[in-house]
Amino acid sequence: MAELHNLPKGFEKAPEQENITYKAASSGANTDAPTVNFRGRPGGGPGRGMGQTVEHAENVRGTLLRLLKYFKKEKTLIILLMIAVVCVTLAGLFAPSLQGKAIDAITEKKWDTLYACVGILLVVYLVNVIATLGQSLMAARLSQNIVKQMRHDLFKKIDYLSIKYLDTHSNGDIMSRMTNDVENVSNTISQSLGSLVSGVLTIIGTVTIMFVYCWQLTLITMVSVILTVIVTKKMSQVMRKVYRKRSAILGRLNGHSEEMITGYKSIVAYNKQEDVIDEFYNTSDELRKVSIKAEILGGSMGPIMNCISNISFVIVAAFGGYFAYTGLITIGTVSAFIIYAKQFSRPINEIAQLYGTIQTAIAGAERVFALLDQPNEDNSGDVVPENITGKISFRNVDFSYVPGKQVLFDFDLEVEPGQKIALVGSTGSGKTTVVNLLMRFYPVDKGEILVDGVNIWDIKRDYLRDNIAIVLQDTVLFSNTIENNIKYANLEASDEEMVNAAEMSNIRRYIEKQPKKYKTFLKQAGAGLSHGQRQLMSIARAVLANPKILILDEATSSVDTRTEKKIQDAMVKLMENRTSLIIAHRLSTIRDADKIVVMDKGRVVEIGNHEELLAKQGKYYELYMTQFVGNSI
């Protein structure tokens, strides 16, 4: 199904909603594919959790339980990571206490004690450095191992998804789950998991040590910590709104730039350069104003936190000095308390900032699991006919992509082996739908489709498709060599068979003019080829597949007359001794068809050969006269 990369005017858009649905106005005709919803995802602000737009999962508990299944496979790494985290936390807890004892030793002139404290401090700091490095390495390895498995599961799932799901979900949405959502999980594991565990342990350990030293000073310290948390929360709320607005405007600016680049020829052709520039300047100016506000708020967070922290130090120093003067605690304990007070507020702020990151990661994991939970394509059927002759029967087939919007009505068609059948009709009449049903891309609502007298849903799916080749209007080539692209339909084909297929499809001369001939690498999936060359290469692939049934879907609609002649000659050779279904708008390409099926609004209105249908002067006659004579009947 074709995607809308740039929306023209007249398409509806809800710009203020997080989930945006783009919808073209209905033309009143039946369509051959369901409507696709393109859902825009909110953009994230800078920083971890502070200013970013936070996505929330609907089922946090269920998502976490499923995510833990991936962690179970990495028990060794998790144990090593937790050991490293504990070592880092313990080193951070013991260092201030040792510093306090060293200060007391200097005050009391106990030089042996001082040397011992300094020596132990050096060991503690060395352990802290090594453990921190180990924590980073273990977290990175753990996140990449888990992400690798998630991506493998996702890619395998996509390969077996039903065509219906792929038709009703944008490629961008599916790719976002494969990249952005999985990457969010990866970043959270590598950057946040260790910090979260370490922060909780640090808070518990710091409070315990502080209460052991002096519970009175601990309670005083808590006042400043609570103030820090309150200010952080309030500022985060304000910053999040501003960053969300900046992200939305930035998205508009990027979208405008992309439209300008991709639609540059149209802009120049209609002399709209100044309008485009003015619109860009207006959006850019709006972004500048919001960005200044965002940067001011973001830049003020640090100084405000430092101010509160300094006030906390003054309070601790003042009360600590008083307690030291009265003999309740020592000067070294006051020094340790100042460090512990800072150490206590830091993990609280970090955890508050990690909240947004973790929530976004869980939401991303939920989207990944939602895709993994989609049903696979129906693989029912185990009948393997000895030899398919190509007889096809459509019997009373009704079908709708969306319930209540029927596309085919009581469709009947009998195709004998080796016959060339053409399907014609206006856009939305149901031609491509017939092909989709024959390929088992969708199940019928009513009726049945038979191949050689066997219902296609009873035939083994892979066997059925091995005996059908399809040449589409929009050809699909891969970023690989010409040889591998042609052999894609039959990897076991010999080089001689490949050359013969290229000869039959009239593409051999072009290929052999290339410096590396069949080893020529097609960059960007054949972007350097003309549409006709891509089409001929697609026909060569179909020749190599050697199918019993051939489907040609608008194979010549987008090429010039000369190229069309080459493609037609190639198709004539390809269709020899094969049952062929041809979908065509150009009636000149199907004059010699054994049977022409004229469709209108999902129904068969006429069947016959070219001469018979012209003589009837019905729907086919109208199409023919409009196309060749220029009269609108």
Side-chain angles (χ1 to χ4, degrees), residues 1-27 35-47 50-55 169-181 183-184 238-301 360 474 479 523-531 534 558 560:
M1 178 176 179
E3 281 208 59
L4 302 176
H5 297 290
N6 298 291
L7 295 173
K9 291 182 179 180
F11 278 67
E12 300 167 10
K13 175 179 173 183
E16 301 302 325
Q17 296 177 357
E18 288 189 347
N19 291 325
I20 302 172
T21 299
Y22 297 109
K23 180 182 177 185
S26 174
S27 62
T35 303
V36 176
N37 290 330
F38 299 84
R39 302 198 178 276
R41 299 190 60 208
M50 186 63 67
Q52 78 181 58
T53 302
V54 180
E55 295 182 65
H169 291 75
S170 73
N171 295 340
D173 176 71
I174 296 173
M175 287 302 299
S176 177
R177 300 181 196 228
M178 175 72 78
T179 54
N180 295 344
D181 292 325
E183 198 62 32
N184 283 337
V238 176
M239 289 170 63
R240 191 170 292 120
K241 291 179 182 178
V242 176
Y243 278 122
R244 185 183 291 115
K245 185 176 180 180
R246 184 174 77 168
S247 180
I249 298 173
L250 182 61
R252 280 165 44 202
L253 189 69
N254 290 339
H256 178 74
S257 301
E258 182 184 356
E259 284 184 350
M260 184 195 70
I261 294 170
T262 56
Y264 182 70
K265 289 183 180 179
S266 298
I267 293 170
V268 172
Y270 289 98
N271 289 321
K272 295 295 183 181
Q273 295 96 319
E274 293 301 323
D275 293 341
V276 169
I277 292 171
D278 289 342
E279 186 179 350
F280 180 86
Y281 281 173
N282 290 336
T283 307
S284 181
D285 190 54
E286 187 180 356
L287 178 62
R288 178 184 64 84
K289 294 176 182 178
V290 175
S291 295
I292 290 174
K293 186 175 181 180
E295 293 302 325
I296 291 174
L297 284 171
S300 64
M301 174 65 82
T360 301
D474 297 320
S479 298
K523 296 181 180 179
Q524 297 181 3
L529 301 177
S530 70
H531 188 89
R534 292 162 58 88
S558 301
D560 59 87

Margin query: If I compare all heavy atoms of S284 with all of L253, which pair ends up nearest, and what's the gap?
Written below: N-CD1, 4.0 Å
Next item on the list: Spell out, as yes or no, whether a donor-acceptor pair under 3.5 Å connects the side chain of S291 to the backbone of L287.
Entry: yes
Item checked: Any residue meeting salt bridge (charged side-chain N to carboxylate O under 4.0 Å, His left out) with D285, in chain and number order, not counting sequence neighbours -> R288, K289
Notebook entry, point to check: Does any non-hydrogen side-chain atom of Q273 lie less than 4.5 Å from one of D275?
Noted result: no
Notebook entry, point to check: side-chain contact (heavy atoms from CB on, under 4.5 Å) with V276: which residues, sequence neighbours excluded?
Noted result: H256, M260, I267
Checklist line | For E286, side chain to side chain donor-acceptor pair (under 3.5 Å) partners two or more places apart | finding: R252
Next item on the list: Hey, could you give me the OG1/CG distance between T283 and D278, rounded to the nearest 0.5 Å?
Entry: 10.5 Å
